[in-house]
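The structure under discussion appears below in the form of structure tokens.
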Amino acid sequence: VEQNTYRNTGFENYFIAPGLDMVNTNHRKVVYGGIKGTISTNTSYNVKAMYSELQDAHFYVNDTTENVDLLRLQNKFNVASSNAQLLTVFGEASVRAGEKLHFRLKGNYNYYIEIKDEEKAWHVPAYHGSIGANYNLQNKIYISADIFVIGERYAKTFDFTQLVNGKRPIIEKKLNAVVDANLGVEYRYNKAFSLFLNINNIANQKYYRWNNYQMQGINFMGGLTYSF
């Protein structure tokens with residue numbers, strides 16, 4: 001059983017509506033297999049596949065409730081639950097090019113064989129992955145770079161100008177795939193004192209992870225740390 005609390009749901013989607021009654025997801029049947037190992041002393045890998053039959057799988061949909069001004073802001077999310085069959089394939093690899101340089105690669109593919117009560121797996125990408133590297137320069141300067149990829153997703157919206165059999169027609173709104181690059185640099189003056197700078201969304205892309213919420217463009221965060 002996968003526990004779905006309001007707390008862990010809020011960590012995944014910051015824009016979740018308050019006061020939702022959360023239902024746990026029951027993994028009624030799980031079949032999985034995989035292989036992991038090393039190609040050399042510096043290279044390791046892990047590949048696995050899993051089939052799951054899910055009861056009350058969770059999907060995020062925009063809240064279309066009218067407010068006091070009879071407006072549908074759709075600026076928060078409810079949770080839609082449905083039974084589903086899911087096939088997941090996961091892979092990762094790690095390569096150390098000497099003591100100073102480390103590469104890592106990770107990817108995940110999701111294929112919903114069946115979703116009983118919903119048209120699509122709302123806001124769930126078919127694939128997502130990352131590639132990253134860390135470099136240690138003279139044990140003083142540490143550089144990290146990451147590229148993240150999130151596949152196309154679909155958001156559940158409605159055509160509020162029509163009624164078909166007493167219901168608003170569903171519109172499957174496609175959210176484009178995302179490629180996001182980040183860079184971090186840390187300078188360690190000594191064991192106690194260090195400075196850091198992180199640059200996120202280097203390409204300054206205006207993309208949507210969640211429907212109606214555009215992600216922040218290029219942004220910086222810097223600071224210092226001191227331990228004693």
Side-chain angles (χ1 to χ4, degrees), residues 1-27 30 50-67 71-91 106-130 146-160 167-182 200-201 203 205-217 219:
V1 176
E2 178 183 349
Q3 289 191 335
N4 297 313
T5 65
Y6 190 85
R7 183 174 183 270
N8 59 34
T9 301
F11 278 126
E12 182 179 24
N13 184 341
Y14 299 145
F15 314 111
I16 197 74
L20 295 181
D21 292 328
M22 308 304 296
V23 179
N24 292 334
T25 300
N26 183 16
H27 294 249
V30 178
M50 180 171 65
Y51 166 80
S52 304
E53 291 185 1
L54 307 174
Q55 180 181 4
D56 294 321
H58 277 198
F59 306 104
Y60 296 108
V61 296
N62 289 92
D63 183 5
T64 58
T65 305
E66 293 179 343
N67 64 10
L71 297 174
R72 295 183 177 89
L73 300 178
Q74 302 189 62
N75 61 348
K76 53 188 176 182
F77 289 86
N78 293 326
V79 173
S81 299
S82 175
N83 293 352
Q85 298 179 45
L86 171 63
L87 176 65
T88 301
V89 179
F90 169 82
K106 183 182 295 186
N108 201 92
Y109 174 74
N110 299 309
Y111 176 66
Y112 279 88
I113 301 169
E114 180 187 19
I115 305 174
K116 183 178 180 180
D117 299 319
E118 297 292 336
E119 289 74 13
K120 288 187 178 294
W122 309 116
H123 284 98
V124 178
Y127 62 89
H128 58 90
S130 64
D146 294 279
I147 298 176
F148 298 92
V149 178
I150 302 175
E152 293 178 348
R153 289 135 290 131
Y154 286 88
K156 183 179 183 179
T157 61
F158 297 89
D159 183 354
F160 292 104
K167 297 182 180 180
R168 303 293 185 184
I170 294 174
I171 299 175
E172 299 173 0
K173 180 180 177 181
K174 184 170 75 172
L175 305 179
N176 293 331
V178 174
V179 179
D180 194 348
N182 304 320
N200 302 314
N201 195 1
Q205 295 191 86
K206 303 298 191 293
Y207 65 86
Y208 292 83
R209 175 63 184 92
W210 306 104
N211 185 41
N212 293 337
Y213 278 96
Q214 188 179 78
M215 297 296 290
Q216 190 175 10
N219 59 90

For residues [X] and [Y], is any side-chain donor paired with an opposing acceptor at under 3.5 Å?
| X | Y | value |
| --- | --- | --- |
| Y51 | Q85 | yes |
| N24 | N26 | no |
| E53 | H27 | no |

Taking atom [atom1] of [X] and atom [atom2] of [Y], what is their separation to the nearest 0.5 Å?
| X | Y | atom1 | atom2 | value |
| --- | --- | --- | --- | --- |
| N13 | N8 | CG | CG | 12.0 Å |
| M22 | D56 | CE | CG | 11.0 Å |
| N4 | H58 | CG | NE2 | 4.0 Å |
| L54 | K116 | CG | NZ | 13.5 Å |
| T157 | N212 | OG1 | CG | 9.0 Å |
| D159 | I170 | CG | CD1 | 11.5 Å |

Find out whether [X] and [Y] are in side-chain contact, i.e. whether some heavy atom of one side chain is under 4.5 Å from a heavy atom of the other.
| X | Y | result |
| --- | --- | --- |
| P18 | Y6 | yes |
| L20 | N78 | yes |
| E172 | K156 | no |
| K206 | N201 | no |
| D180 | Y207 | yes |
| M50 | L87 | no |
| W210 | L175 | no |
| D146 | F148 | yes |

Q. Among all residues two or more places apart in sequence or in another chain, which pass the salt bridge (charged side-chain N to carboxylate O under 4.0 Å, His left out) test with K174?
A.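 For K174, the residues satisfying salt bridge (charged side-chain N to carboxylate O under 4.0 Å, His left out) (neighbours in sequence not counted) are E152.
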Q. Ignoring hydrogens and geometry, is there a side-chain-to-backbone donor-acceptor pair from R209 to M215 under 3.5 Å?
A.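 Looks like no, no N/O pair under 3.5 Å.
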Q) Does N62 use its side chain to pair, donor to acceptor, with the backbone of N75 at less than 3.5 Å? A)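 Not confirmed, N62 side chain does not pair with N75 backbone.
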Side-chain atoms of residues 119-128: list all donor-acceptor pairs with protein atoms under 3.5 Å, sequence neighbours left out, distances to 0.1 Å.
from, atom 1, to, atom 2, distance (Å)
W122, NE1, E118, OE1, 2.8
H123, ND1, Y60, O, 2.9
H123, NE2, N211, N, 3.1

Q) By side-chain contact (heavy atoms from CB on, under 4.5 Å), which residues pair with A203, not counting sequence neighbours? A)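 Only Q205 meet the side-chain contact (heavy atoms from CB on, under 4.5 Å) criterion with A203.
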(Q) Over 60° means perpendicular and under 30° means parallel, so tell me whether F160 and F158 are parallel, tilted or perpendicular. (A)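 It falls in the tilted class, 30° to 60°.
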Q) Taking it one step at a time, do T88 and N108 satisfy side chain to side chain contact (heavy atoms under 4.5 Å, CB included)? A) CA-CA 7 Å; T88 301; N108 201 92; 3.6 Å; yes
Q.
Using every non-hydrogen atom in the two residues, find where S82 and D117 come nearest and quote the distance to one decimal.
A.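 Heavy atoms of S82 and D117 come nearest at OG-N, 2.8 Å.
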(Q) Pair L86, N110 - check side chain to side chain contact (heavy atoms under 4.5 Å, CB included), show working. (A) CA-CA 7 Å; L86 171 63; N110 299 309; 4.1 Å; yes
Q | Centroid separation Y208 to Y213 less than 6.0 Å | A |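 That pair fails the under 6.0 Å test.
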